[in-house]
Amino acid sequence: MARADVGRLVLASSMVVYGEGRYACPVDGVVPAAARRRADLDAGRFEPPCPRCGRQLAWDTVGEETPADPRNTYAATKLHQEHLAAAWASATGGGAVALRYHNVYGPHMPRDTPYSGVAAIFRSALEAGRAPAVFEDGGQQRDFVHVTDVAQANLCALAAEPPEGALRAHNVASGSPHTVGDMARALAEAFGGPEPRTTGEYRIGDVRHVVASPERAARELGFRARVTFADGMRAFATDPLRPAAPSR
């Protein structure tokens with residue numbers, strides 16, 4: 001980019017850089033969530049405990065100033081991209097915007113792949129006549145944002161004045177959180193079944209709740225998501241999917 005005299009960058013980052021979202025303890029106030037223990041997950045205790053007193057925490061929305069806490073390899077590489085972009089901006093005087101996409105869904109997602117997100121996994125199952133398998137108890141809070149809104153966020157970031165010599169992060173989210181179970185039920189109902197089944201299974205490295213505050217993107221980029229959860233899921237139930245890329 002420096003050699004080509006490119007002075008600005010919009011980076012496709014991810015909400016996974018936050019790890020677990022923002023939590024508060026009724027005794028200790030705002031605290032970082034302790035890592036969930038395998039023994040608790042095996043016993044069906046999915047909520048992260050307070051790292052100080054062990055009490056159950058209440059989740060809250062995550063702002064961009066929240067310290068990064070990547071909890072799996074994908075999250076670590078996304079944060080590394082942000083660091084590289086920030087280093088480039090600082091060294092060259094360029095401006096970089098990191099758009100931290102939340103759970104993106106919409107037409108032409110790849111089918112039958114674990115790498116495109118839970119919405120595509122559930123939709124692939126429904127298309128194959130299988131019940132969507134909901135991990136844990138289905139109570140994981142997420143922000144599902146439609147791909148057309150994500151595209152609009154990118155246009156807003158390109159049109160906004162870039163931060164000179166720095167990187168600025170923005171959440172790209174709907175601002176309307178729902179649980180993974182809510183999403184599975186909405187998709188199944190719009191598709192015409194079968195009903196989701198809650199398995200109690202879990203994946204090490206998954207986080208319990210991560211929900212964004214969309215206010216900085218609204219204030220600085222002029223971006224607000226427009227597609228509602230109900231309308232988006234109703235459309236996604238019949239949207240075309242594409243084949244997954246072949247693995248090497």
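In this text, all values refer to a predicted model and were calculated from it rather than measured experimentally. Only this structure's heavy atoms are used, side chains among them; waters, hydrogens and symmetry mates stay out. The first residue of the sequence shown is numbered 1, and numbering continues consecutively from there.
- Taking the six-membered ring where the residue is Trp, Tyr18 and His102 present tilted rings, their angle falling between 30° and 60°.
- Rounded to the nearest 0.5 angstrom, Leu241 CG and Met109 CE are separated by 8.5 Å.
- A donor-acceptor pair shorter than 3.5 Å cannot be found between the side chains of Tyr101 and Asp143.
- Distance CG/Asn171 to CZ/Arg216: 8.0 Å, rounded to 0.5 Å.
- The closest donor-acceptor contact from the side chain of Thr66 to the backbone of Gly63 lies under 3.5 Å.
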Quiz item: Can you check side-chain contact (heavy atoms from CB on, under 4.5 Å) on Arg100 and Ser14, steps first, answer last?
Solution: CA-CA 4 Å; Arg100 292 174 175 168; Ser14 172; 5.9 Å; no
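- In this structure, Leu41 CG and Glu201 CD are separated by 12.5 Å, a value rounded to the nearest 0.5 Å.
- Partners of Arg203 according to the side-chain contact (heavy atoms from CB on, under 4.5 Å) rule, which considers only residues two or more places apart in sequence or in another chain, are Phe135, Asp206.
- In plain terms, the two heavy atoms of Leu57 and Pro49 that are nearest each other are CD1-O, 3.6 Å.
- Contact record, Cys156 with Gly222: SG-O, 4.2 Å, taken as the closest heavy-atom pair.
- With contacts defined as side-chain heavy-atom distances shorter than 4.5 Å, the pair Pro177/Arg142 does not qualify.
- Taking each heavy atom of Pro70 and Ala76 in turn, the nearest pair found is CB-N, 3.6 Å.
- Under a hydrophobic-cluster definition in which Ile, Leu, Val, Met, Phe, Trp and Tyr are linked whenever side-chain heavy atoms come within less than 4.5 Å, directly or via other members, Val147 and Phe223 are assigned to the same cluster.
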Quiz item: So Val97 and Leu167, side-chain contact (heavy atoms from CB on, under 4.5 Å) or not? Walk me through it.
Solution: CA-CA 6 Å; Val97 173; Leu167 178 138; over 6 Å; no
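- Ala125 meets the side-chain contact (heavy atoms from CB on, under 4.5 Å) test with Arg130; sequence neighbours excluded.
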Exercise. Given side chain to side chain donor-acceptor pair (under 3.5 Å), test Tyr202 with Asp40 step by step and report yes or no.
Key: CA-CA 11 Å; Tyr202 61 87; Asp40 288 335; over 6 Å; no
Exercise. Evaluate side-chain contact (heavy atoms from CB on, under 4.5 Å) for Met183 paired with His178, printing each intermediate quantity in order.
Key: CA-CA 7 Å; Met183 191 266 286; His178 290 81; 5.8 Å; no
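- The aromatic rings of His146 and Tyr105 stand perpendicular to each other, their planes meeting at an angle above 60°, with 30° marking the opposite boundary.
- The hydrophobic cluster containing Phe229 also contains Leu187, counting ILVMFWY residues as joined when their side-chain heavy atoms lie under 4.5 angstrom apart, directly or transitively.
- In this structure the side chain of Thr77 never reaches within 4.5 angstrom of the side chain of Gln81, judged on heavy atoms.
- Side-chain contact between Glu215 and Arg224 is present, with heavy atoms from C-beta onward closer than 4.5 Å.
- Environment of CZ in Arg55: sparse, with no more than 12 heavy atoms of neighbouring residues, nucleotides or ligands closer than 6.0 Å.
- The side-chain heavy atoms of Val134 and Thr199, taken from C-beta on, include no pair separated by under 4.5 Å.
- Smallest separation of non-hydrogen atoms from Gly93 and Glu164: O-CG, 3.6 Å.
- At most 12 heavy atoms of other shown residues, nucleotides or ligands fall within 6.0 angstrom of atom CZ in Arg38.
- Taken to the nearest 0.5 Å, the CG atom of Asp239 stands 6.5 Å off from the CZ atom of Arg123.
- If you run side chain to side chain contact (heavy atoms under 4.5 Å, CB included) between Phe144 and each of Val118, Val104, Val227, only Val118 comes through.
- For the pair Arg208 and Glu136, the salt-bridge criterion is met [side-chain N within less than 4.0 Å of a carboxylate O].
- Smallest separation of non-hydrogen atoms from Ser13 and Ala98: CB-CB, 4.2 Å.
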Got a list of side-chain donor-acceptor pairs under 3.5 Å for residues 23-33, not counting sequence neighbours?
| from | atom 1 | to | atom 2 | distance (Å) |
| --- | --- | --- | --- | --- |
| Tyr23 | OH | Glu20 | OE1 | 2.6 |
| Tyr23 | OH | His209 | N | 3.2 |
| Tyr23 | OH | His209 | O | 3.4 |

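- Atom CG of Asp5 has 12 or fewer neighbouring heavy atoms from other residues, nucleotides or ligands inside a 6.0 Å radius.
- In this structure, CG in Asp149 is found 11.5 Å from CG in Asn154, a value given to the nearest 0.5 Å.
- Here Arg111 pairs with Glu127 in a salt bridge; the nearest charged N to carboxylate O distance falls below 4.0 Å.
- Phe191 is connected to Phe236 through a chain of hydrophobic side-chain contacts under 4.5 Å among Ile, Leu, Val, Met, Phe, Trp and Tyr, so both are in one cluster.
- With respect to Arg168 and Glu64, no salt bridge is recorded, no charged nitrogen being found less than 4.0 Å from a carboxylate O.
- Thr92 places a side-chain N or O within 3.5 Å of a backbone atom of Trp88 that can act as its donor or acceptor partner.
- Scanning all heavy atoms of the two residues, the minimum distance from Arg71 to Ala34 falls at NH1-O, 4.0 Å.
- Under the 3.5 Å distance criterion, with hydrogens and angles disregarded, no donor-acceptor pair is assigned to the side chains of Thr179 and Gln141.
- No path of Ile, Leu, Val, Met, Phe, Trp and Tyr side chains, each step under 4.5 Å between heavy atoms, connects Trp59 with Val62, placing them in separate hydrophobic clusters.
- Val16 and Leu99 fall into different hydrophobic clusters, where Ile, Leu, Val, Met, Phe, Trp and Tyr residues are linked whenever their side-chain heavy atoms come under 4.5 Å apart, directly or through other members.
- Judged by distance alone, the side chain of Arg8 and the main-chain N or O of Ala96 form no donor-acceptor pair under 3.5 Å.
- Atom CG of Asp112 is separated from atom CD1 of Ile121 by 10.0 Å, given to the nearest 0.5 angstrom.
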